[in-house]
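Okay, so here's the structure we're looking at.
Starting from 1, each residue takes its place in the sequence as its number.
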Amino acid sequence: DPTRLWVGGPDVSWINVAGQALTLQVVWKHGPYGPHSNVAPNYNTGAVGQGTPSFYLTESPTPVWPGDWEKVTAGSADATSQTWAIPARPGSFRRVTGVPLYTEAMQAADRVTWMATGYLEVHQVGPVGLSLQGRPLRRLRITDPAVPDAGKKTMYLLRSGHQGERYADWRMRGLLLWLLGTHPPAVTARQQCIIHVVQAINPDGAQEGRNRTTEDGYEMNRMHPGGPDLAVEGTEQFALPQDVAALIAGPNPPHLFVDH
C-alpha cells in the first residue's frame, strides 16, 4: 500500500505524489542493546515521552528551513508504535521527513559565507565530479593558507552515503561552522591540519528521497574498491575511491578517514 509506510526511525525521508493521504507508522523494537531511549515510548504504560520523534512536511522541491516546512501533528501512539496521519492535498510533489533537509541551496549559501573566511577551497570529487544525474560532487578543503602545508596532518571526512540519515548532515554543518570559526582549538586545527570534507557524496539520493542508495541503486558504504560494481565510471561509487587515491598519492596523504 503506497499510502501506508512502516518505518524504522525518524531520520529518513519519503516522497509521494501529493493528492493522496499518507499514513506513517513507526514500530518500536527492542534491539540487542534495548530500545533507543531517545525515540522509544514508555513500554510499561504505552505513553510517548518527550523523546518521541517529530515528522515534517514540505511541498517545495527545494525547501529551506524553517519557512518551507510544517510539523505533522495528527498522530496516535501505543506501547509498540506511533502513527502519523497526513491528509491529502493538491499538487504534484510532497516530501515527509523526520529531519528537514540541508538542501543544496542552503549548502551553496553556506559555501559563499565560508569561502569569505579565506580558509576554504572547493574541489570536485574524482575526475568527473558529477553524480549519475549530473549534480556536483564537492570536497571542501579547510586549512590556514598562511601556514605551509608541509608537515600538516590530513583528515578526510565523508558524509551522506546513507542520505536518509539526516541528523548527520546537520552535525557535519556544525563541525564546519566550528572549523571555520574563531574558537582557539579551531584556529589551531587549521594551522596544523588539512581537513577535507565531502558534505554530500549522494546528492541524487537526497533529492529523490532515497534513504540508503544512489539513484542507480548502489549502497555506497557497502561498496569497496575492487568490486565488480566499481567498474561503472562516472558514478558516485567510482568517484570517491579515485578522489581518495589521488590524495594518497599527493604531498599530504590522509592520516584519518571518517565516514560519518
Side-chain angles (χ1 to χ4, degrees), residues 7-15 24 26 36-40 50-72 84 94-117 119-120 122 125 131 135-142 155-183 185-186 189-190 195-214 219-221 236 240 256-260:
V7 300
D11 57 341
V12 290
S13 176
W14 309 268
I15 292 176
L24 304 178
V26 174
H36 296 290
S37 60
N38 63 321
V39 297
Q50 292 182 346
T52 301
S54 300
F55 284 91
Y56 297 86
L57 167 69
T58 184
E59 296 179 2
S60 169
T62 56
V64 175
W65 175 262
D68 293 331
W69 295 90
E70 64 178 275
K71 190 173 182 179
V72 178
W84 288 262
R94 182 164 57 176
R95 184 192 297 269
V96 181
T97 184
V99 180
L101 297 174
Y102 179 35
T103 63
E104 173 57 32
M106 298 170 72
Q107 293 178 41
D110 279 341
R111 285 195 299 272
V112 171
T113 300
W114 295 340
M115 290 180 70
T117 67
Y119 302 126
L120 183 141
V122 179
V125 175
S131 70
R135 295 184 175 93
L137 304 176
R138 298 184 180 91
R139 170 169 45 83
L140 311 184
R141 184 183 189 272
I142 299 168
M155 292 174 278
Y156 194 109
L157 309 180
L158 170 67
R159 167 62 204 120
S160 293
H162 285 173
Q163 189 55 45
E165 297 166 357
R166 306 203 182 283
Y167 291 115
D169 291 337
W170 296 101
R171 284 195 293 263
M172 186 67 84
R173 181 178 187 268
L175 175 62
L176 287 163
L177 288 169
W178 182 84
L179 283 170
L180 293 162
T182 59
H183 197 252
R190 294 195 300 266
I195 304 104
H196 300 278
V197 179
V198 179
Q199 285 183 280
I201 194 59
N202 183 10
D204 296 345
Q207 182 61 33
E208 302 299 330
R210 292 177 176 268
N211 294 328
R212 298 179 68 89
T213 65
T214 59
E219 186 172 351
M220 293 197 63
N221 71 353
E236 300 88 328
L240 179 62
L256 176 68
F257 183 96
V258 177
D259 181 0
H260 182 46

With rounding to the nearest 0.5 Å, note down the distance linking [atom1] in [X] to [atom2] in [Y].
X	Y	atom1	atom2	result
Arg139	Gln199	CZ	CD	13.0 Å
Asp259	Leu157	CG	CG	10.0 Å
Asp110	Met115	CG	CE	13.0 Å
Ile142	Leu180	CD1	CG	4.5 Å
Glu70	Glu59	CD	CD	7.0 Å
Asp68	Leu57	CG	CG	11.0 Å

Please report the closest heavy-atom contact between [X] and [Y], naming both atoms and the distance.
X	Y	result
Tyr156	Leu240	OH-CD1, 3.4 Å
Val64	Met106	CA-SD, 4.2 Å
Ala186	Trp178	CB-O, 3.1 Å
Pro203	Pro136	CG-O, 4.1 Å

Decide yes or no on side chain to side chain contact (heavy atoms under 4.5 Å, CB included) for Val198 and Arg159, but give the supporting numbers first. CA-CA 6 Å; Val198 179; Arg159 167 62 204 120; over 6 Å; no
For the pair Leu176 and Trp114, evaluate side chain to side chain contact (heavy atoms under 4.5 Å, CB included) and give the outcome as yes or no after the intermediate values. CA-CA 9 Å; Leu176 287 163; Trp114 295 340; 3.6 Å; yes
When you check the gap from the basic side-chain N to the acidic O, do Arg135 and Glu236 get nearer than 4.0 Å? no
Using the rule given for side chain to side chain contact (heavy atoms under 4.5 Å, CB included), can you reason through Gln107 versus Arg138, listing the C-alpha separation, both sets of side-chain angles and the distance that settles it, and then say yes or no? CA-CA 11 Å; Gln107 293 178 41; Arg138 298 184 180 91; 5.7 Å; no
Go through Val258 and Met155 one step at a time and tell me if the side chain to side chain contact (heavy atoms under 4.5 Å, CB included) criterion holds. CA-CA 8 Å; Val258 177; Met155 292 174 278; over 6 Å; no
Between Arg190 and Leu179, is there a donor-acceptor pair closer than 3.5 Å when you use the side chain of the first and the backbone of the second? yes
Residue list, side chain to side chain contact (heavy atoms under 4.5 Å, CB included) with Arg171, at least two apart or on another chain: Tyr167, Ala168, His260
